[in-house]
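Below: one structure, written as structure tokens.
One-based numbering along the sequence shown.
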Amino acid sequence: MYRVSKEFHFSASHRLTNLPDDHPCARLHGHNYIVVVELAGERLDNHGFVRDYRELKPLKDHIDDTLDHRHLNEVFGHDGVTAEFLAKALFDWCRARWSEVSAVRVSETPKTWAEYRP
């Protein structure tokens with residue numbers, strides 16, 4: 001199995017209102033997010049790719065147009081926008097476009113990652 005990945009970045013705010021008031025994530029705050037999309041395939045195409053990285057530009061455009069410098073609670077319409085939620089939402093968005101998508105990882109900080117992999 002071949003596995004390739006591509007990294008994307010965006011900055012956004014959110015607030016997790018279902019947490020105790022003294023929890024730092026209950027306050028309005030922001031992150032410099034890193035999103036890594038993984039694609040997998042048993043065979044390579046005629047060019048030797050699982051998928052040409054350039055074909056992932058629609059994801060960059062989606063992130064830039066929909067998520068970057070936005071308040072994620074407003075984008076998604078609820079107050080539970082965790083890294084785990086973002087990983088699944090971005091996985092679903094990507095998988096609807098590219099069948100080779102096998103996982104999406106989302107980082108909020110240099111030391112934390114959430115991953116969705118079915």
Side-chain angles (χ1 to χ4, degrees):
M1 180 71 68
Y2 297 95
R3 294 191 188 279
V4 297
S5 60
K6 184 166 175 68
E7 186 174 290
F8 301 86
H9 296 239
F10 72 98
S11 299
S13 66
H14 73 141
R15 184 173 175 220
L16 301 175
T17 59
N18 59 341
L19 295 172
D21 290 341
D22 63 343
H23 193 289
C25 293
R27 297 188 298 268
L28 178 63
H29 64 286
H31 299 286
N32 294 316
Y33 289 92
I34 300 171
V35 175
V36 177
V37 177
E38 178 188 273
L39 299 94
E42 292 187 18
R43 292 188 292 289
L44 301 177
D45 68 13
N46 293 338
H47 304 286
F49 299 137
V50 171
R51 178 168 292 272
D52 187 340
Y53 292 121
R54 293 176 3 152
E55 293 180 48
L56 301 180
K57 186 175 183 316
L59 176 56
K60 180 187 180 327
D61 295 341
H62 174 68
I63 288 171
D64 290 350
D65 295 344
T66 308
L67 304 177
D68 191 40
H69 287 82
R70 308 274 182 185
H71 183 56
L72 298 178
N73 300 58
E74 292 174 1
V75 170
F76 290 100
H78 62 82
D79 294 337
V81 184
T82 61
E84 294 89 340
F85 171 85
L86 285 172
K88 174 70 162 78
L90 290 168
F91 175 90
D92 291 343
W93 191 95
C94 291
R95 190 65 175 273
R97 286 151 182 84
W98 307 294
S99 62
E100 303 90 351
V101 172
S102 55
V104 172
R105 295 181 74 200
V106 174
S107 171
E108 292 179 336
T109 74
K111 295 181 181 181
T112 62
W113 287 90
E115 178 178 82
Y116 181 80
R117 178 185 303 271

Looking at every non-hydrogen atom in both residues, tell me the closest pair between [X] and [Y] and how far apart they are.
{"X": "S102", "Y": "P118", "answer": "O-CD, 3.6 Å"}
{"X": "Y53", "Y": "S5", "answer": "CE2-O, 3.4 Å"}
{"X": "L44", "Y": "V50", "answer": "CD2-N, 3.7 Å"}
{"X": "P20", "Y": "A26", "answer": "O-CB, 3.4 Å"}
{"X": "V106", "Y": "Y33", "answer": "CG1-CD2, 3.8 Å"}

Common cluster, [X]/[Y], ILVMFWY with side-chain heavy-atom separation under 4.5 Å:
{"X": "L59", "Y": "V75", "result": "yes"}
{"X": "W98", "Y": "I63", "result": "yes"}
{"X": "V35", "Y": "W93", "result": "yes"}
{"X": "F10", "Y": "F91", "result": "yes"}

To the nearest 0.5 Å, what is the distance between [atom1] ([X]) and [atom2] ([Y])?
{"X": "C25", "Y": "N18", "atom1": "SG", "atom2": "CG", "result": "10.5 Å"}
{"X": "D79", "Y": "L72", "atom1": "CG", "atom2": "CG", "result": "11.5 Å"}
{"X": "E115", "Y": "S107", "atom1": "CD", "atom2": "OG", "result": "12.5 Å"}
{"X": "D64", "Y": "H69", "atom1": "CG", "atom2": "NE2", "result": "10.5 Å"}
{"X": "E7", "Y": "L56", "atom1": "CD", "atom2": "CG", "result": "13.0 Å"}
{"X": "E100", "Y": "R43", "atom1": "CD", "atom2": "CZ", "result": "11.0 Å"}

* is_close_aromatic(H14, H71), centroid dist under 6.0 Å ->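 They do not qualify: ring centres at least 6.0 Å apart.
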
* To do: Indicate, with yes or no, if the rings of F85 and H78 have centres closer together than 6.0 Å.
  =>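 Yes, they do, as the ring centres are separated by less than 6.0 Å.
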
* Asked: Does the side-chain contact (heavy atoms from CB on, under 4.5 Å) test come out yes or no for V36 and V104, once each step is laid out?
  -> CA-CA 6 Å; V36 177; V104 172; over 6 Å; no

Keeping [X] on the side-chain end and [Y] on the backbone end, is there a donor-acceptor pair under 3.5 Å?
{"X": "R95", "Y": "V101", "answer": "yes"}
{"X": "H47", "Y": "D45", "answer": "no"}
{"X": "N32", "Y": "S11", "answer": "no"}
{"X": "R70", "Y": "A12", "answer": "no"}

* Asked: Is there a side-chain contact between T66 and F76 (heavy atoms, below 4.5 Å)?
  ->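 No; the side chains remain at least 4.5 Å from each other.
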
* Can you list the steps and then say if V81 with L86 is a side-chain contact (heavy atoms from CB on, under 4.5 Å)? -> CA-CA 7 Å; V81 184; L86 285 172; 3.9 Å; yes

* To do: Have a look at L39 and tell me which of R51, K6, R3 forms a side chain to side chain contact (heavy atoms under 4.5 Å, CB included) with it.
  =>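 For L39, the side chain to side chain contact (heavy atoms under 4.5 Å, CB included) test succeeds with only one of R51, K6, R3, which is R51.
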
* Taking only Lys NZ, Arg NE, NH1 and NH2, and the carboxylate oxygens of Asp or Glu, determine whether E55 and R97 approach each other closer than 4.0 Å. =>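 Here E55 does not pair with R97 in a salt bridge, since their nearest N and O are not under 4.0 Å apart.
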
* Verify side-chain contact (heavy atoms from CB on, under 4.5 Å) between L90 and Y116, making sure each step is shown before the conclusion. => CA-CA 9 Å; L90 290 168; Y116 181 80; over 6 Å; no

* To do: Could you tell me whether K60 sits above the aromatic face of F8, with NZ or CZ closer than 6.0 angstrom to the six-membered ring centre and within 45 degrees of the axis?
  => no

